Asks: 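Have a look at this one.
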Amino acid sequence: MARLVVRTAADAPMAPEEAIKLLKEGNARFVKGEPQATRTNEAMRKELVDRGQAPHTAIIGCADSRAPLETVFDAMPGDIFVLRNAGNTCTHAEGSMVGSLEFCTGKLGSRMILVVGHTKCGAVYGAANAYLEAKKSEKASVSCALEGLLLDLAPVAEKAVADMGANTDPEDVAAHAVKVNVFHTIDFLLKYSAPIREKVQSGQVEIQGAVYHLDTGKVEFMGRSPQQSRLLSSTAGLPPSMTERAAGYGPPSRGVHGVRTAADSAVPAEAALKILKEGNERFAVGAPLAKTASQQMREALVKQGQAPHAAIMGCADSRAPLETVFDAMPGDIFVLRNAGNTCTHAEGSMVGSLEFCAGKLGSKLILVLGHTQCGAIAGATQTHLASKAGGSKAAGSALEGLLQGLSKVAAQAEEELGVGMDQKQLISHTIKTNVFTSMEFLLKYSQPLRDLVKSGNLEIQGGVYHLETGRVEFLGRSPKQAELLASDTSLPPSLAALPIRTTTDGPLPHPQALKLLKEGNERFVVGAGISGKVTPDMRRALVKEGQAPHTAIIGCADSRAPLETVFDAMPGDIFVLRNAGNTCTHAEGSIVGSLEFCLGALNSKMVLVLGHTACGAIKGATATYLSKTGTAKPQVNKALDALLEGLSVVAGKASQQLGAGASQDDIANLAVKLNVFHTIDFLLQYSPLIRGKVESGEVEIQGGIYDLETGRVEFLGRSPAQATLVKSADKMPPSLS
């Protein structure tokens, strides 16, 4: 008897053992060809919208079109929260996968997580072969996101070789690597997500692994990771990347084997889009025609290989099962899913998977699909609004990092709508904006995809699935497509490596240097730093060729303000001078002489004096100044006292500007800014070399303030006194005169 109900938030969370039982029973029905979850109606969809989702299980699966998870487990919309990419892995999808699962197990109350691999997995087999070839040639290179994805799966292949023995047939190694990869993904989740670990430790959540056999349709359930007990003692709080994306159905028209396989010719993009539209219409009216895959069909998919007519990047929301929404058969669509259908924190995984589908499998259409009532977008919008109200904070979990990454889309949507919109309107518009943002990311950062689009061999379009009606609104191409096809970027930011600067590069003009600082700080703020990839060849070049920093920075010694990190800078990029209070007080000769060396001998063209919020030295100087206004005079008994006494001049200026009644905190906050200009003014007044270069326009000196809470640098520009001070006649700092 067909199931007539859907799971919603009105249902209580389901125990893990009951959830796994439902999955096993559903797979058994799928194998027998007796599915029950075949039809939905308007009332069911309305119930899912009105009451919200409460999936009993979250599943990480492969994007392979032969392994449609809702179909394999005979699941209804609302049953399972599905995350998919090539290789069912967290490689290059760390924040997206972990954050999505934290959302599902935290906000949605799911208590079961299942990582599902499958036999004959192209991504894992490709990684195994790439590893074995790399061992032979003793080198590996990454020229596109797909190669980066395969390269980062190398540890899985390496363990498979270790388990099987060095002389094992490569086919057997690859087959074993499928299972190794399942546990590899589980172990990653346990190691890098504190919320998931805590729920597993308490027994609230269960994580298990499985392998879907393409030839039989059966799912082999493998239980927990052997490393679970050890990994529950992990203290990691965030994934690595976040601390540092023919019409009709029925066997006759689906292909020579009844389903689409590599034996069938490629489907043009226009025809593929027509198939999707017709399939969605059948789903919306409750008249699906997608057949149950027979044993012969599954065997054909294994033997002939896949050739999906379209790749779809959608949301992991359990109310939007893509194969069901488009009434698709196994082999039809290559599915990538995460919370928010985004490339945020999933760059390499999403881009690499789509390069694989469009390049290796020959798909001619990519559809980026958002959906109404998207929880991830709603959360990102709220994060954006909170940050505007002064409530921003550093990400404390992968989910928070995911929402912060998506909040930029909400900011763009708000700008497009203008004043007067309510939060509901903003969320709705952000959903569409996010679809175009993901499409534009693919065009900007993938040379293989751009080449295919330019040649007419690929179409990238967007859409929004309306939960309320079951219908997909097709949005067409990105308005920026023509512009983005001119991009020359070949890798997503998380896979890209910054170059190093040496004397062979020559001086960098100050406008470009300032631009690099701003771009680097933005990467740092959003958690997408790329400066850590330093090779031995780079280090040798720095020694052999010598340094040529594009900028000299005077900053505070505060351990919370590491300048190279704040600007996501490579070794050789910035010449750093630091002391408590980013000042020339009691360090005149050292600071001025060092800058003259950098500007004269190293030929740097940009100087930045950087203060920071909540500066301890400035707070101390403010207290020193205020104590001098009372009856007791401060004693100068040690070097620190002398430093604070020297800086108190800045606090005095701040106090005078603010007037009577200003609090100590108010004075200290303004003094941070005044101190930046005080240091700039000192350099201009007492260094003829610096003055001359600034007056001629060869060198630029500007100020900035690093906000410890947001991570952002506020660039203040030049000192207001610059025009006057470049006429100074002083030749030496006072202490050297």
Side-chain angles (χ1 to χ4, degrees), residues 63-65 85-87 91-93 122-123 126-127 129-130 133 140-153 245 260 262 264-273 276 305-313 333-336 341-343 346-369 435-463 474-499 530:
D64 195 303
S65 62
N85 62 29
T91 300
H92 296 312
N129 291 332
E133 287 300 318
S141 62
V142 176
S143 61
C144 64
L146 171 59
E147 291 176 359
L149 173 65
L150 298 182
L151 185 64
D152 276 15
L153 278 172
R245 192 92 32 347
R260 277 200 57 77
D264 301 303
S265 57
V267 177
E270 184 178 352
L273 190 61
L276 291 178
Q306 62 176 318
H309 62 69
I312 303 181
M313 192 169 94
I333 54 178
F334 188 88
V335 177
L336 302 164
N341 47 277
T342 177
C343 290
E347 302 168 352
S349 169
M350 291 297 178
V351 179
S353 298
L354 289 172
E355 287 177 357
F356 171 73
C357 187
K360 303 295 184 183
L361 303 182
S363 301
K364 307 295 184 184
L365 175 67
I366 294 174
L367 181 70
V368 177
L369 189 70
V435 168
F436 287 120
T437 298
S438 292
M439 293 164 63
E440 289 154 12
F441 188 99
L442 298 175
L443 288 166
K444 183 175 182 180
Y445 291 112
S446 173
Q447 185 67 50
L449 295 183
R450 283 198 303 273
D451 289 344
L452 289 169
V453 172
K454 288 178 184 177
S455 66
N457 288 312
L458 178 66
E459 187 77 23
I460 301 179
Q461 297 201 14
F474 291 88
L475 303 175
R477 298 175 177 175
S478 163
K480 298 180 180 178
Q481 176 169 305
E483 171 192 342
L484 290 167
L485 288 177
S487 171
D488 59 359
T489 309
S490 59
L491 283 171
S494 67
L495 294 180
L498 289 171
I530 55 177

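FYI, the numbering just counts along the sequence from 1. For clarity, every value in this text was computed on a predicted model and none was experimentally measured.
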Asks: Roughly how far, to the nearest 0.5 Å, is CG of L484 from CG of L449?
Replies: 12.5 Å
Asks: For residues G362 and A266, report the shortest heavy-atom separation together with the two atoms involved.
Replies: O-CB, 4.0 Å
Asks: Give a yes or no on this: more than 12 heavy atoms of other residues, nucleotides or ligands lie within 6.0 Å of atom NZ of K480.
Replies: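 Atom NZ in K480 is not crowded, with 12 or fewer foreign heavy atoms closer than 6.0 Å.
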Asks: Does R260 use its side chain to pair, donor to acceptor, with the backbone of S265 at less than 3.5 Å?
Replies: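 Yes; at least one donor-acceptor contact below 3.5 Å.
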Asks: Testing the basics here: between K364 and V267, what is the closest heavy-atom pair and its distance to 0.1 Å?
Replies: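 So the two residues come closest at CG-O, 3.1 Å.
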Asks: When rounded to the nearest 0.5 angstrom, what distance separates CD in Q481 from CE in M439?
Replies: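 That separation rounds to 7.0 Å.
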Asks: Got a sec, which residues hit side-chain hydrogen bond (donor to acceptor under 3.5 Å, both in side chains) with T437, two or more places apart in sequence or on another chain?
Replies: none
Asks: Partners of A63 by side chain to side chain contact (heavy atoms under 4.5 Å, CB included), sequence neighbours excluded?
Replies: F334, L336
Asks: Nearest heavy-atom pair of S363 and P308: which atoms, and what distance?
Replies: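 For S363 versus P308, the nearest heavy atoms are OG-O, 2.6 Å.
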Asks: Work out which heavy atom in F474 is nearest to a heavy atom in L367; give both atom names and the distance.
Replies: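 For F474 and L367, the tightest heavy-atom pair comes out as CE2-CD2, 4.2 Å.
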Asks: Indicate yes or no for a side-chain donor-acceptor contact from S353 to the backbone of N85 under 3.5 Å, with no hydrogens or angles considered.
Replies: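 No.
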Asks: Can you name the nearest heavy-atom pair linking E440 to S478, along with the distance?
Replies: OE2-OG, 2.8 Å
Asks: Got a sec, which residues hit side-chain hydrogen bond (donor to acceptor under 3.5 Å, both in side chains) with N129, two or more places apart in sequence or on another chain?
Replies: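 For N129 there are no side-chain hydrogen bond (donor to acceptor under 3.5 Å, both in side chains) partners, ignoring immediate neighbours.
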Asks: What's the separation between atom CG in L443 and atom CZ in F436, rounded to the nearest 0.5 Å?
Replies: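 It is 12.0 Å, given to the nearest 0.5 Å.
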Asks: For the atom pair OG (S438) and CG (N341), what is the distance rounded to the nearest 0.5 Å?
Replies: 5.5 Å
Asks: Using side-chain hydrogen bond (donor to acceptor under 3.5 Å, both in side chains) as the criterion, list what pairs up with Q447, not counting sequence neighbours.
Replies: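 Residues passing side-chain hydrogen bond (donor to acceptor under 3.5 Å, both in side chains) with Q447: R450, D451.
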Asks: Do L442 and V368 pass the side-chain contact (heavy atoms from CB on, under 4.5 Å) test, and can you show the C-alpha distance, the side-chain angles, and the key distance before you say yes or no?
Replies: CA-CA 10 Å; L442 298 175; V368 177; 4.2 Å; yes
Asks: Atom CD1 in I333, atom NE2 in H309: separation rounded to 0.5 Å?
Replies: 6.5 Å
Asks: By side chain to side chain contact (heavy atoms under 4.5 Å, CB included), which residues pair with L452, not counting sequence neighbours?
Replies: A358, N457, L458
Asks: Which residues satisfy the side-chain hydrogen bond (donor to acceptor under 3.5 Å, both in side chains) test with Q461, sequence neighbours excluded?
Replies: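 Result, side-chain hydrogen bond (donor to acceptor under 3.5 Å, both in side chains) vs Q461: E459.
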